[in-house]
Amino acid sequence: MRKSLVSSLVAAGLTAALSLPAHAEQKDHFSVCWTIYAGWMPWKYAQAEGIVDKWAEKYDIEIDVVQVNDYVESINQYSAGQFDGCSMTNMDALTIPAAAGIDSTALIIGDFSNGNDGIVLKGEGKSLSDLKGMDVNLVELSVSHYLLARGLESAGLSERDLKVVNTSDADLVAAFATPSVKAVATWNPLLAEVEAMPSVSKVFDSSQIPGEIIDLMVVNTQTLADNPAFGKALTGAWYEVMATMSADDEAGRAAREHMAQASGTDLAGYEAQLAATRMFYSAKDAVAFATSSQLPETMTKVAEFSFDHGLLGDGAPDAGAIGMAFAADVQTGNADNIKLRFDPSYMQMAADGKL
C-alpha cells in the first residue's frame, strides 16, 4: 500500500545518501519503481502495453518500470540510488528522500485523494468530536495519521485529546471487527471494508481536505537536470495513458480493466477507487494545481505535521528545515537546503503538445 511509513527510515535514508555520487551524469538507461495503488496503476499499464518503451525510444533512451511490493522499501531503494524515480505521496517525498538529503523533483502530479482516506467510528459515535478520549487505530506516521490530525484541527481538538494506536494495514480491518476497537483511520480498499461493517459512521475523509494527500512520480533532481529526455519520455507516456484510461469507450474500459486486475480487484472495485481519487487526466489541470498558491500552503502544513512527529530528522531545528521549491520561484523553508521541488515544466510541455 502507498502509505505505510516508519520514522526509522529517515535515518536509513541518511545512511544511503552518504553513498551517493555528488552528481548524476548523462546516460541512456533509467529505471523507475511503483507500488500498487489506484493512482499508480497507470504505470503498470504503460509498461505492459509498451507505452513507456515507445516514448523512451523516441528519445533514444531505455526506461525500466519496476513494481516493488513494499511501498516504503520502494522509496528507500530510490533514496539509495537504486532507481531514478519512484511513485510516492507528497508527505513521504518530504520525510524520506528529502529528509535524507536526496534532492528530488515531483515530475508528475498524478492525483490527490478525494475520499480514498477516511476516519470511521463504530457504535454511537457520529462526529469527530466523539473521538475525544478514544483510542484510534491507524498506521502511525502515515498519511492516515496526517488525516486524523487535520480532522481533529477542524473540530477544535488535537492528538492530546485521544490515543493513537499503531496498527499495521494488514491487521486493521480485523482489529476493527473486534468489540474493543471503536475508531480507525485508513485508506481504500480497507476503508470500504470497515465502512461496510454494521453500525459504522464515517466522520471525516480526504474530500474535506482536498489537494492535501497528493500522489506523485518523484525523480532525482540531478538526474533530471542532466537527462531531460528522461523527464520528457516519462511524462509523455503518462499522459498517453491518461488519455486512454479516461475515455468512455472500449479502449478506456479495457485499460481500466487491465489496471483493476493488476491491482487485485475487478473493474467495479477499481472504478470505485478512482471515483474517490481526483485524477489529473489532463496535463493542463495538473499544471494548474502545481502552479496554485494552495500547493505551497499545503506543503507547509505537511512540513509542520512532519516536524511535530519527528519525521524531518533528529537535527531538524524547525518545520522549515527542508527547503521546498515551487513554480514561479516560490520557496518555503530553508532556501539553503532545497531538497524537494515541484517542477511543472514537463507537464506544461505535455499540455502544450511539445513532447
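Counting heavy atoms from C-beta outward, Gln47 and Ile63 have side chains that stay 4.5 Å or more apart. Annotation: side chain of Ile214 is in contact with side chain of Leu295 (closest heavy-atom distance under 4.5 Å). Side-chain contact between His29 and Ile61: absent, with no pair of heavy atoms (C-beta onward) separated by less than 4.5 Å.
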- Item | Worked verdict on Phe230 versus Tyr59 for ring pair (Phe, Tyr, Trp, His ring centres under 6.0 Å) | CA-CA 8 Å; Phe230 171 53; Tyr59 291 101; over 10 Å; no
- Message: Please determine whether side chain to side chain contact (heavy atoms under 4.5 Å, CB included) holds for the pair Trp40 and Leu216, giving the CA-CA distance in whole Å, both sets of side-chain angles, and the decisive distance to 0.1 Å.
- Response: CA-CA 9 Å; Trp40 294 328; Leu216 311 166; 6.0 Å; no
- Task: List the steps and the verdict of side chain to side chain contact (heavy atoms under 4.5 Å, CB included) for Leu107 and Asp343.
- Result: CA-CA 6 Å; Leu107 177 74; Asp343 178 5; over 6 Å; no
- Can you list the steps and then say if Tyr281 with Met245 is a side chain to side chain contact (heavy atoms under 4.5 Å, CB included)? CA-CA 9 Å; Tyr281 293 116; Met245 72 177 289; 3.8 Å; yes
- Task: Evaluate the criterion side chain to side chain contact (heavy atoms under 4.5 Å, CB included) for residue pair Leu138 and Val184; output intermediate values, then yes/no.
- Result: CA-CA 6 Å; Leu138 50 73; Val184 299; over 6 Å; no
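A distance of 6.0 Å or more separates the ring centres of Phe83 and Phe30. Taking the six-membered ring wherever Trp is involved, the centroid distance between the rings of His145 and Phe305 falls below 6.0 Å.
Remark: Met347 CE to Phe280 CZ distance equals 8.5 Å, nearest 0.5 Å. Remark: Ile75 CD1 to Ser87 OG distance equals 7.5 Å, nearest 0.5 Å. The distance from atom CH2 of Trp55 to atom CH2 of Trp238, rounded to the nearest 0.5 Å, is 14.5 Å. Going from atom CG of Asn90 over to atom CG of Leu340 covers 8.5 Å, rounded to the nearest 0.5 Å. Distance OH/Tyr346 to NZ/Lys354: 14.5 Å, rounded to 0.5 Å. Of the inter-residue distances, the one linking Ser113 atom OG with Ile213 atom CD1 reads 5.0 Å to the nearest 0.5 angstrom.
Applying the 6.0 Å contact sphere to CD of Glu57 captures no more than 12 heavy atoms from other residues, nucleotides or ligands. Heavy atoms from other residues, nucleotides or ligands lying under 6.0 Å from NZ of Lys163 number 12 at most.
The cluster map of Ile, Leu, Val, Met, Phe, Trp and Tyr, joined by side-chain heavy atoms under 4.5 Å apart, puts Tyr146 and Val165 in different clusters. Taking hydrophobic clusters as Ile, Leu, Val, Met, Phe, Trp and Tyr residues chained together by side-chain heavy-atom distances below 4.5 Å, Leu162 shares a cluster with Leu157.
Checked for salt-bridge contact, Glu240 and Lys54 meet the test: a charged N lies under 4.0 Å from a carboxylate O. Ionic pairing of Glu153 and Arg150 is present here: one or more N-O contacts between side-chain nitrogen and carboxylate oxygen are shorter than 4.0 angstrom. Residues Lys27 and Asp226 are not paired through a salt bridge, judged by the lack of any N-O separation under 4.0 Å between the basic side chain and the carboxylate.
Between the side chains of Thr89 and Asp215, no donor-acceptor pair is found at a separation under 3.5 Å. Neither side chain, Thr221 nor Ser104, offers a donor N or O lying under 3.5 Å from an acceptor on the other. For the 3.5 Å distance criterion, the side chains of Ser31 and Asp64 fail to qualify, holding no donor opposite an acceptor. Checking Thr265 against Ser263 by side-chain atom types alone, no donor-acceptor pair falls below 3.5 Å.
Scanning both residues, Val203 and Gln208, for their nearest heavy atoms gives O-OE1, 4.4 Å.
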